[in-house]
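A note on names: the letters A, B, ... follow the listed sequences, proteins ahead of strands, and every chain is numbered from 1.
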Amino acid sequence: MKKLINTPESVVSDALLGIAAAHPDLSVDHINKIIYRAEPTPAGKVALISGGGSGHEPLHGGFVGLGMLDAACAGEVFTSPVPGQMLEATKVADAGAGVLHIVKNYTGDVMNFEMAAEMAAAETGVEVVAVVTDDDVAVQDSLWTAGRRGVGVTVLLEKVVGAAAEERRPLADLAELARTVNRQGRSMGVALTSCTVPAAGKPTFDLPEDQIELGVGIHGEPGRRRVPLAAAREIAAMLVEPVLADLDFTGGDPVIAFVNGLGGTPLIELYVLYNEVARILAASGVQVARSLVGPYITSLDMAGASVTLLKADDEILRLWDAPVRTPGLRWGV
Amino acid sequence: MKKLINTPESVVSDALLGIAAAHPDLSVDHINKIIYRAEPTPAGKVALISGGGSGHEPLHGGFVGLGMLDAACAGEVFTSPVPGQMLEATKVADAGAGVLHIVKNYTGDVMNFEMAAEMAAAETGVEVVAVVTDDDVAVQDSLWTAGRRGVGVTVLLEKVVGAAAEERRPLADLAELARTVNRQGRSMGVALTSCTVPAAGKPTFDLPEDQIELGVGIHGEPGRRRVPLAAAREIAAMLVEPVLADLDFTGGDPVIAFVNGLGGTPLIELYVLYNEVARILAASGVQVARSLVGPYITSLDMAGASVTLLKADDEILRLWDAPVRTPGLRWGV
Amino acid sequence: MTFTEPTTVDVAAFDRWIRAFARAAHTHKELLTELDAAIGDADHGANMDRGMTAAVAAVDAAAGFDSVAALLKCVGLTLVGSVGGASGPLYGTLFLRMAAAAGTGAALDAADLARLLTAGLGGVVDRGKAEPGDKTMYDALAPACAALTASLDSGQDLAEALAAAALAADAGRDATVPMLAHKGRASYLGERSIGHQDPGATSVALLVRAAATTLVPAHG
Amino acid sequence: MTFTEPTTVDVAAFDRWIRAFARAAHTHKELLTELDAAIGDADHGANMDRGMTAAVAAVDAAAGFDSVAALLKCVGLTLVGSVGGASGPLYGTLFLRMAAAAGTGAALDAADLARLLTAGLGGVVDRGKAEPGDKTMYDALAPACAALTASLDSGQDLAEALAAAALAADAGRDATVPMLAHKGRASYLGERSIGHQDPGATSVALLVRAAATTLVPAHG
Ligand SMILES: Nc1ncnc2c1ncn2[C@@H]1O[C@H](COP(=O)(O)OP(=O)(O)O)[C@@H](O)[C@H]1O
Ligand SMILES: Nc1ncnc2c1ncn2[C@@H]1O[C@H](COP(=O)(O)OP(=O)(O)O)[C@@H](O)[C@H]1O
Ligand SMILES: [Mg+2]
Ligand SMILES: [Mg+2]
Ligand SMILES: [Mg+2]
Ligand SMILES: [Mg+2]
């Protein structure tokens, strides 16, 4: 395993020290592994909190700041944070208007956030509402499984709902908006290589030179099937088609198209992929109104990419365009 | 070779199509492989042009936009663009106040930009001044060699001088500022893995699991020596010490510290490295005023990082903080 | 069958159990991680090792426990507070529900122990909604509980009953191999989850095995 | 030594040379790239192949050339316009300077050819400032020019002189192996550049070898 780390055990706390050193706008509670805005949440603003296993940077800590999250909890690599962290983050960020928990749909994340909400109800008067993202069409959704994974749409949701929160909308509205964004977003990912979890010290799975893993998540979980390595154009089709098959994006609604890098794939390849995705979308009658290309929700050093489409409307686009100042996304301010 | 590309031959033009599709603020001349601002250079503004081999994205095309470059030429992967491209870019971007060519110090880049300037002088009335960046302390500088390579400082220079150009400063001033920034910046890089040039189809060099290559540039050139894989703390020292030995950054001047990812290294590791870099700088009496952490000047899919320090002053910091709106760097607007 | 005095399981016995499980989690860290790499995210070994190391440290830091419940609660809270992931809330709830069922005494009898473990199993189900055959830790824990109870009901002593429970947990663990996962990360794989042993069921088998070797004082 | 009419080298001969060099660059693309991977950036093969493919295409696209100069200028401009990197301006200038030295005629004699190549070498030096022993294409090109001139001066015919030049280029190429690079990318490696053959010197040896096999019509 070759990584720029000190020890597998210290990678999360070391990275948090780096984030604190690099971003004076942010405060870091190194004991509880919480990143929060240096400026307290303004009175009357609902606080947005997210969190999850580490290894997906810039998600979530890199999305703390004006226009997105108020605080983020960092778990161990690929391991959901513990309820105590989320409870602390909830207390730190609450400014009296309640707290929205943004939870990616993984058994661990959901259960830990659930326990945090139970604790918050028991120990504090803070009103907490949780919304769960589950946009990954690679996973068959059913009542009998853990359901779909939350992946790329989480980034878009944190941006859109974060902007709405800055407008002092009430908790219930924000939760509704968040559910809408999640409902209207779909994703699909592909891995060219495995990632290597620092504590494991070797790649999570072996992938021959001529094969790719289709339908991966963001934790090095194997995907749904292996297919031969193909040209970007074909891979784009393998990613976009299941997304379009799952939700109709062709109704003329403005769409936000997001090509995400999984950590080990450089930008030049993401642009090659974006070109193919844009071509397919244009041919399918999908109207792309905004785009985002880059590594925003990663899976350690995995080479690969994911495609997320979000069916927006004027209001969501307005919120997307609204000012944001975080380490990961920054514009308009 | 596993890459999200169509063919090795088409990777640059495909990526340019992707950039054009993703960034409506930018125009792309696909014949000449030039990325330029969709809005013409305002009259009286000096145009900033850079360019180089592809494979370093977001550099340079991703730095075209308000507050940075006016146009960028994309060469083949790791191969300087040709004079005709630079000449076209010069013509496209010139608004009567002259054009600054920002050239990284590589024999090919320097010669091609030189020929472009000769052509511009012969064919157009456009005033062209070239500045060459050469900040890489891994390379021994001497009259008898090609000199130091231009690496990380190029990003910082494009930002700072780009901001100054927006203030309508004259060409000679901008060139002088550019030379100052270059003179006050130093960099050093390390590779954990080789990169793979698409046309070559296999890694440029082999690096055993337990070794790293110290002093690499951004083209998969081997570095100056191999050392055993070490902890981030030790690697940070190996990068920062030669930089500090080469230029005194401890005089109390505000310093911009830039930890750059080489393409295959995810953000979590860059933050781990930044923490160690910041720690050494603090212990050495270097006053870090601004920081930048992320993959901004990459070497395809190479795992590794580089550290750049720029000795700034209030004026350079002000220009650093000035609004910028490009795909790669964006703030304040 | 041997005839002995009704065994009591005291705080010291539970303490031995916790430490033995922590040692087992540490020893089998790589196995658990490898199993999780195949159908999950390669962290179950690290999770259980981190959690149980923290639990032992917390037990050490406490100035002794005057009840079994206090010890178990300490372990449960530490797991909830240090593991994260799916196993944190699940193992945490397991111990917290055992604590809640343990009353205030410093020692329990064999039937109490079966009741505790069954309460813990209930907590796992409440938290994770697992059903039999979902390919989770439930599939090792539920047979272990059933075997323990049945064995005691049939008159076997605690040592025998725990040995039966450990065998049942092992069998339950093995039975997860052919299952199609319906819960947890492995469910994302659909058909591809078949043929792999569930990591959580594997760590549960270690837990029950540790109980069998520590909760009953050696004869002699 | 054979006694023949003074050879003239016409546009058709230069055309053969260009095509032969293009074929050689294509055939040895991987070799050139591998040499460049060792001490550079693994693109010299792609660069030369792309450039010479474009040059042949440009020559094909032109409706014939009425002078050697026009053909060489077409090749030089195409190389400048399609290669980039160090080799684009260097090879481009080589051909452009040859063109400038070629006058307006449709055929040259042997001495003209030596003069052309020497002018080209001068262009390479003006552009790249290479000195002998810097481990560059100069170290193959300069000995080839010298051998060509010396061989003709000593009365050998063009075929013999070009053969001598090709051998000199090969020897110059081989001599780059032990050199410490002072120019180009390889200079970044310092001592580590020693022991590797320079890619540009290698492509120059191909260029001169192509001249030897094409510029003189086969006897018979
Ligand atoms: N809903 C559930 N109910 C019971 N056990 C579950 C459930 N989901 C997952 N598990 C158990 O958790 C184990 C995985 O734990 P771990 O790897 O530590 O957490 P994570 O899946 O969050 O990475 C699985 O092997 C399975 O036995
Ligand atoms: N200053 C120079 N003078 C002469 N030849 C040079 C000079 N610099 C580089 N070269 C030649 O160029 C070759 C490399 O060409 P190429 O790989 O195509 O370009 P780049 O180095 O830009 O990638 C070297 O092997 C060397 O022979
Ligand atoms: Mg996990
Ligand atoms: Mg090159
Ligand atoms: Mg796991
Ligand atoms: Mg090269």
Look at atom CD of B:E123 and say whether more than 12 heavy atoms of other residues, nucleotides or ligands are closer to it than 6.0 Å. yes
Would you say D:K129 has more than 12 foreign heavy atoms packed within less than 6.0 Å of its NZ? yes
Between [X] and chain B, with a heavy-atom cut-off of 4.5 Å, which part of the residue counts as in contact: side chain, backbone, both or neither?
X      : result
D:T93  : side chain
D:V83  : backbone
D:A186 : neither
D:A42  : both

Evaluate the side-chain proximity of D:R127 to B:M115: yes if any heavy-atom separation is below 4.5 Å, no if none is. yes
D:E34 versus B:K202: any side-chain heavy-atom pair under 4.5 Å? yes
Region of [X] in contact with chain D, defined by heavy-atom distances below 4.5 Å:
X      : value
B:P83  : both
B:M86  : neither
B:F205 : neither
B:D206 : neither

May I ask you to say whether D:E191 pairs ionically with B:R225, meaning some side-chain N is under 4.0 Å from a carboxylate O? no
Nearest heavy-atom neighbours spanning [X] and [Y]:
X      : Y      : result
D:T33  : B:A200 : CG2-CB, 3.9 Å
B:T107 : D:A86  : CG2-CB, 4.1 Å
B:T79  : D:D43  : OG1-OD2, 2.5 Å

Give a yes or no on whether the backbone of B:E221 and the side-chain of D:R185 come within a donor-acceptor separation of less than 3.5 Å. no
With chain D, the option among B:N112, B:V77, B:D109 that has the most non-hydrogen atom pairs under 4.5 Å is B:N112
Name the member of B:S80, B:G217, B:G84 that forms the most heavy-atom pairs with chain D at distances under 4.5 Å. B:S80
Hey, does the Lys NZ or Arg CZ of B:R224 hover above the aromatic six-ring of D:Y188, less than 6.0 Å from the centre and inside 45° of the axis? no
With sequence neighbours left out, the residues meeting side chain to side chain donor-acceptor pair (under 3.5 Å) with B:D246 are B:R148, B:R186
